[in-house]
Chemist: 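Here it is, the structure in full.
Residue numbers begin at 1 in each chain, while the letters A, B, ... track the order of the sequences. Not measured: the values here are computed from a predicted model.
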2 protein chains.
Amino acid sequence: MTTHPSPQLWLYDTTLRDGTQREGLSVSIEDKLRIARRLDQLGIPFIEGGWPGANPKDVQFFWQLQEDPLKQAEIVTFCSTRRPNTNAADEPMLQAILTAGTRWVTVFGKSWDLHVTEGLKTTLAENLAMIRDTVEYLRSQGRQVIYDAEHWFDGYKHNPDYALQTLAAAMASGAEWLVLCDTNGGTLPHEVGQVVESVISHVSLVNGPQQMPQIGIHTHNDSDTAVANALAAVMAGAKMVQGTINGYGERCGNANLCSLVPNLQLKLGYSCITEHQLNQLTEASRFVSEVVNLAPDEHAPFVGRSAFAHKGGIHVSAVERNPLTYEHIQPEQVGNRRRIVISEQSGLSNVLAKARTFGIELDKQTPAARQILHRLKELESEGYQFEAAEASFALLMYEALGGRQQFFEVKGFQVHCDLVEGKETNNALATVKVGVSGKNILEAAEGNGPVAALDAALRKALVNFYPQIATFELTDYKVRILDGHAGTAAKTRVLVESGNGSQRWTTVGVSPNILAASYQAVVEGLEYGLLLHAQAEVAVESSR
Amino acid sequence: MTTHPSPQLWLYDTTLRDGTQREGLSVSIEDKLRIARRLDQLGIPFIEGGWPGANPKDVQFFWQLQEDPLKQAEIVTFCSTRRPNTNAADEPMLQAILTAGTRWVTVFGKSWDLHVTEGLKTTLAENLAMIRDTVEYLRSQGRQVIYDAEHWFDGYKHNPDYALQTLAAAMASGAEWLVLCDTNGGTLPHEVGQVVESVISHVSLVNGPQQMPQIGIHTHNDSDTAVANALAAVMAGAKMVQGTINGYGERCGNANLCSLVPNLQLKLGYSCITEHQLNQLTEASRFVSEVVNLAPDEHAPFVGRSAFAHKGGIHVSAVERNPLTYEHIQPEQVGNRRRIVISEQSGLSNVLAKARTFGIELDKQTPAARQILHRLKELESEGYQFEAAEASFALLMYEALGGRQQFFEVKGFQVHCDLVEGKETNNALATVKVGVSGKNILEAAEGNGPVAALDAALRKALVNFYPQIATFELTDYKVRILDGHAGTAAKTRVLVESGNGSQRWTTVGVSPNILAASYQAVVEGLEYGLLLHAQAEVAVESSR
């Protein structure tokens with residue numbers, strides 16, 4: 001509530017690099033691009049995209065971003081210092097970095113003498129030269145450099161003089177940011193605060209406070225204090241905060257930006273992203289978890305489904321009378337919402353806002369609005385989720401508004417798989433029955449797996465009536481087991497992304513039978529595609 | 001490594017009360033007793049068992065513990081102060097507390113003036129009387145009292161004078177501990193430290209340092225800083241730390257004792273439990289998650305399966321040479337272990353290290369070692385992933401070494417699904433053919449979905465030959481579509497977790513046919529279970 005401008009901090013997201021080190025997380029180039037664009041939209045100023053010298057997939061990722069750049073964020077490449085006893089200019093790894101064509105490069109180097117002599121097996125002097133040469137070379141090629149001081153806190157504890165020499169080397173050769181990394185994640189907040197403070201006073205003594213590079217912080221969660229460590233560093237003067245969406249990362253993860261940003265902005269009064277962008281935090285968190293296909297953590301601070309859940313009658317009415325005495329922030333500030341666990345709590349404004357994104361203006365008073373909300377709640381309790389499946393949500397909305405055009409009617413399907421060990425092609429046969437233009441169509445098709453066979457049979461049945469189906473394609477297919485601990489009896493949620501060459505849309509299906517869930521999502525994918533086609537024709541008609 | 005005795009802290013576990021507030025967690029009396037005994041064994045001095053006045057199940061729980069008491073821990077009952085304008089002695093709730101027969105009682109009261117006037121709808125003076133009367137009455141009945149100051153930090157910020165009066169009331173009437181609770185979880189570590197410090201100086205001024213009750217801390221994770229908050233309180237002088245196993249609790253959970261205890265003991269030099277008890281921490285964490293039937297968090301600090309996982313060849317050999325430069329503590333100190341992750345970047349040293357964790361010493365020169373690596377790379381390029389599927393990796397290794405016992409032979413399967421719109425139960429029929437003991441067994445079963453039917457048929461076929469299969473269960477099932485953009489023609493990777501009541505293991509299957517991939521993982525899950533059983537029998541034999 002101050003009228004002074006809030007002090008600015010720079011967020012640096014490393015979901016696409018350090019985040020992907022998490023065991024069990026793997027992403028395609030397409031996934032990485034989708035995430036990068038979402039983070040750009042969220043207002044993150046620095047997005048680390050990967051290490052193009054080490055990973056061929058990352059090379060393509062940066063090329064694609066050269067073709068179609070981000071709106072506001074700097075996409076950053078990541079690499080190590082040159083190898084011992086080489087020339088920076090001759091390092092293929094650094095050439096790959098230059099080819100990636102980013103303005104900013106993050107270079108990581110060793111701070112801990114033991115890692116230099118035992119890990120790199122080189123001399124302490126050569127390590128300093130490696131840092132200097134690499135940063136200098138990149139600067140000479142017009143790049144701006146962020147220097148990540150790996151194992152900083154352990155190195156500094158072990159040999160502060162040498163650690164500070166590594167920072168001095170990066171500074172002298174023109175790095176604009178010095179980022180102190182708690183690579184092993186073992187440092188506690190009070191130590192982080194002390195070390196950052198003493199580094200800042202040392203660096204400003206050497207360079208003069210005007211000339212000094214800014215300090216950043218990169219923490220890991222091995223001590224369960226990654227967020228608190230980053231906060232301690234900021235309070236000691238760090239200006240850049242590195243972390244990942246949902247805290248994804250190696251071992252126990254990185255500092256979670258979804259917790260850091262609201263703490264920094266709503267509690268400590270720093271400025272990171274706009275208020276409006278902060279309102280999208282929960283959605284961004286869930287979007288990323290969908291894309292990397294990991295179940296969202298329902299108990300995650302700020303953005304988890306349970307983060308603002310309330311139980312019990314008296315408590316609930318007290319919350320409703322005076323929420324701020326029972327909630328540490330307003331859930332809407334981070335795009336989350338209060339949930340009353342027993343009684344259903346209305347999210348009508350969400351529905352209205354969402355309808356608006358489909359060009360439909362609904363009024364709070366319209367019965368259809370309440371009906372959509374009701375149906376939404378019902379389906380969500382069955383395991384449906386519409387965060388990523390907006391096409392299914394649109395169909396649901398058109399249904400409530402009485403405008404869902406019925407292109408065809410699904411009557412049932414049969415699938416038969418016959419697998420003899422060692423023979424794995426065209427082992428599935430699907431039969432579908434659909435009603436279209438008053439006729440029942442029965443059609444069969446084979447496939448290399450039951451879902452492929454179902455998809456093929458359905459297209460065969462419909463293409464004579466709707467030739468445009470020939471241009472549709474299934475572009476992505478994701479399966480999530482709900483309540484995995486129920487084993488093979490668990491419910492399955494399937495997300496299907498379809499495309500028609502110019503647009504893409506996602507639909508959802510839920511069932512204990514994985515084939516039924518898949519079929520449902522495939523069917524809605526075709527239906528929504530036909531709807532888009534029909535809307536486009538109407539638009540052409542009316543413009544004549 | 002100091003020779004001074006470490007300062008003592010008192011741990012207070014509230015898994016059985018506050019922990020059970022977590023959405024989706026529910027426990028029977030039997031579950032609660034099992035957990036209480038495990039915590040007793042772990043050396044926790046105070047175990048909060050429940051609120052017998054509010055919950056009839058809790059009454060029985062305390063009776064059972066009167067019959068068969070814990071070895072070292074104090075079991076603690078929990079209750080509120082008396083209601084406004086009543087007599088403590090006439091409160092049925094307090095009579096239930098006395099009947100529970102514990103030496104210690106935790107009483108919680110309001111610290112925040114707003115909660116008194118708006119929530120309890122009584123006067124500030126009456127709230128002080130409620131605290132005083134309740135504590136005094138319980139003391140008069142021979143009980144020792146821990147006073148939980150609910151909403152302490154928010155109350156103190158809002159009206160410090162009144163908040164301190166509530167503590168004074170509890171002190172004056174004989175409470176032995178004053179516990180400061182961050183009930184909404186919104187406070188950050190630096191504030192917690194400051195407030196605890198000023199409370200301690202205030203209280204010692206009033207009472208004299210000799211006479212003063214001890215201070216405790218109770219934190220929630222809404223700001224993602226519950227552990228750091230508790231550490232800050234301890235460093236400011238708090239002597240009791242409240243938390244739950246695995247951080248279970250309402251909304252975003254309570255302070256996680258599995259993180260707090262190693263931080264306090266291994267990093268800050270406090271004494272909480274014995275070294276030997278600390279060695280059982282990982283086991284205790286997993287035991288509790290088994291009993292409450294929640295999947296353990298693989299990325300949990302200290303006790304998670306990934307907490308000491310290492311990827312990448314050079315890195316791995318460096319870790320083995322000098323673990324403490326890559327790990328913040330020794331995993332064995334908390335009963336966890338280092339894991340070498342088998343991934344795309346794996347080299348021979350990873351394979352050798354991994355084999356060692358299965359008790360197999362391989363030499364770099366052994367042809368089998370290269371063969372395993374080769375097979376691994378081959379399977380990985382087909383989409384297999386062994387990071388999480390350690391049981392499948394073990395089978396692959398035994399195969400290369402010529403020691404893979406063939407319990408049964410898979411010959412093929414058929415699956416038939418027949419789904420008429422609107423009818424969704426037992427819609428799948430599976431037939432399997434397996435060779436076992438020289439015979440071909442053909443068996444069929446139905447299921448609510450094709451994978452459930454396959455699993456059922458396979459068990460039916462094998463249980464007569466291997467009765468131990470009846471104790472196996474599928475505990476988790478995950479599906480990942482590889483190259484999702486290939487749509488329904490994409491490859492599918494299935495991970496299946498199986499258990500036998502005491503152990504869990506994960507297997508993997510890959511195929512363009514989702515049913516074939518699932519079948520493969522289910523089959524390997526059964527095979528590995530049989531292998532464990534056989535190994536256990538050999539161990540029993542040889543110990544005779």
Chemist: Taking every non-hydrogen pair under 4.5 Å, which of A/Pro189, A/Cys258, A/Ala307, A/Ala430 racks up the most with chain B?
Modeler: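 Option with the top pair count is A/Ala307.
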Chemist: Kindly state whether the ring of B/Phe153 and the ring of A/His328 have centres lying under 6.0 angstrom apart.
Modeler: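 Not close enough - the centres of the two rings lie 6.0 Å or further apart.
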Chemist: Could you tell me whether A/Lys267 and B/Glu191 have a side-chain N and a carboxylate O separated by less than 4.0 Å?
Modeler: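 Salt bridge: no.
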Chemist: Pick one of side chain, backbone, both or neither for A/Asn229, based on which atoms fall under 4.5 Å of a heavy atom in chain B.
Modeler: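 Answer is neither: A/Asn229 stays 4.5 Å or more from chain B.
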Chemist: With a 4.5 Å cut-off on side-chain heavy atoms, are B/Leu114 and A/Asn322 touching?
Modeler: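 A/Asn322 reaches B/Leu114 side chain to side chain.
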Chemist: Given that the side chain runs from C-beta out, which part of B/Glu327 has a heavy atom under 4.5 Å from chain A: side chain, backbone, both or neither?
Modeler: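 The backbone, not the side chain.
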Chemist: If you count every heavy atom of other residues, nucleotides or ligands that lies below 6.0 Å from A/Lys433 atom NZ, does the total exceed 12?
Modeler: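 12 or below, so no.
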Chemist: Hey, could you give me the NE2/CG distance between A/His299 and B/Asp222, rounded to the nearest 0.5 Å?
Modeler: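 So the gap between those two atoms works out to 12.0 Å.
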Chemist: Nearest 0.5 angstrom please: B/Leu419 CG to A/Ser511 OG, how far?
Modeler: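 So the CG of B/Leu419 and the OG of A/Ser511 are separated by 7.0 Å.
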Chemist: Got a second to check how far B/Leu188's CG is from A/Asn263's CG, nearest 0.5 Å?
Modeler: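 Rounded to the nearest 0.5 Å, the CG-CG separation comes to 5.0 Å.
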Chemist: If you count heavy-atom pairs under 4.5 Å between each of B/Gln414, B/His158, B/Lys411 and chain A, which one has the most?
Modeler: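 Looking at each of B/Gln414, B/His158, B/Lys411 in turn, B/Gln414 comes out on top.
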Chemist: Any idea which of A/Ser306, A/Ala228, A/Gly412 has the most non-hydrogen atom pairs under 4.5 angstrom with chain B?
Modeler: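 Maximum pair count with chain B is reached by A/Ser306.
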Chemist: Tell me, side chain or backbone of A/His416 under 4.5 Å from chain B's heavy atoms, or both, or neither?
Modeler: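 Backbone plus side chain of A/His416, per the 4.5 Å heavy-atom cut-off to chain B.
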Chemist: Does any heavy atom of chain B fall under 4.5 Å from the side chain of A/Asp31, the backbone, both, or neither of them?
Modeler: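 Interface part for A/Asp31: side chain.
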Chemist: Do the ring planes of B/Tyr326 and A/His151 sit parallel (below 30°), tilted (30 to 60°) or perpendicular (above 60°)?
Modeler: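 Rings of B/Tyr326 and A/His151: perpendicular, over 60°.
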Chemist: Let me see the working for B/Arg305 and A/Glu23 under side-chain contact (heavy atoms from CB on, under 4.5 Å), right down to the final yes or no.
Modeler: CA-CA 10 Å; B/Arg305 194 168 163 277; A/Glu23 261 187 272; 4.2 Å; yes
Chemist: Given side chains that start at C-beta, do those of A/Thr325 and B/Asp154 come closer than 4.5 Å, heavy atoms only?
Modeler: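 Heavy-atom side-chain distance check fails, nothing below 4.5 Å.
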Chemist: How long is the span from the SG atom in B/Cys417 to the OH atom in A/Tyr519, to the nearest 0.5 Å?
Modeler: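 OH of A/Tyr519 is found 13.0 Å from SG of B/Cys417.
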Chemist: To the nearest 0.5 angstrom, please state how far the OG atom of B/Ser518 sits from the CD1 atom of A/Ile514.
Modeler: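 Here the rounded value is 6.0 Å.
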Chemist: Please evaluate residues A/Arg251 and B/Glu298 with respect to the criterion salt bridge (Lys or Arg N to Asp or Glu O under 4.0 Å), reporting the C-alpha separation (whole Å), side-chain torsions for both, the decisive distance (0.1 Å), and the verdict.
Modeler: CA-CA 9 Å; A/Arg251 303 187 309 274; B/Glu298 307 217 322; over 6 Å; no
Chemist: What residue, out of A/Gly249, A/Gly304, A/Cys252, A/Gly186, has the most heavy-atom pairs lying under 4.5 Å from chain B?
Modeler: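 Option with the greatest count: A/Cys252.
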Chemist: Top residue by heavy-atom pair count (under 4.5 Å) with chain B, among A/Gly447, A/Gly499, A/Ser259, A/Ala428?
Modeler: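 Answer, by heavy-atom pair count under 4.5 Å with chain B: A/Ser259.
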Chemist: Given a strict heavy-atom distance threshold of 4.5 Å, which part of B/Leu324 is in contact with chain A: side chain, backbone, both, or neither?
Modeler: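 Backbone only.
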Chemist: Once you round to the nearest 0.5 Å, how far does OG of A/Ser26 lie from CZ of B/Arg493?
Modeler: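 Spacing of OG (A/Ser26) from CZ (B/Arg493) equals 5.5 Å.
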Chemist: What I want to check is whether the side chains of B/Asn513 and A/Asn427 have a donor and an acceptor closer together than 3.5 Å.
Modeler: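 Looking only at side-chain atoms, A/Asn427 and B/Asn513 do form a donor-acceptor pair, the distance falling under 3.5 Å.
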Chemist: Pick whichever of A/Leu231, A/Val227, A/Ile329, A/Asp297 has the most heavy-atom pairs under 4.5 Å with chain B.
Modeler: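 The option with the most such pairs is A/Val227.
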Chemist: Out of A/Leu515, A/Thr492, A/Val479, return the one with the most heavy atom pairs under 4.5 angstrom to chain B.
Modeler: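 Of the candidates given, the most pairs with chain B belong to A/Val479.
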Chemist: Quick one: what part of A/Asn221 sits under 4.5 Å from any heavy atom of chain B, side chain, backbone, both or neither?
Modeler: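 When you check distances to chain B, atoms from both the backbone and side chain of A/Asn221 fall under 4.5 Å.
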Chemist: Under 4.5 Å from any heavy atom of chain B, what part of A/Ala300 do you find: side chain, backbone, both or neither?
Modeler: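 Backbone of A/Ala300 only, per the 4.5 Å heavy-atom cut-off to chain B.
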Chemist: So for A/Leu260, is it side chain, backbone, both, or neither that comes closer than 4.5 Å to the heavy atoms of chain B?
Modeler: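 The answer is neither part of A/Leu260.
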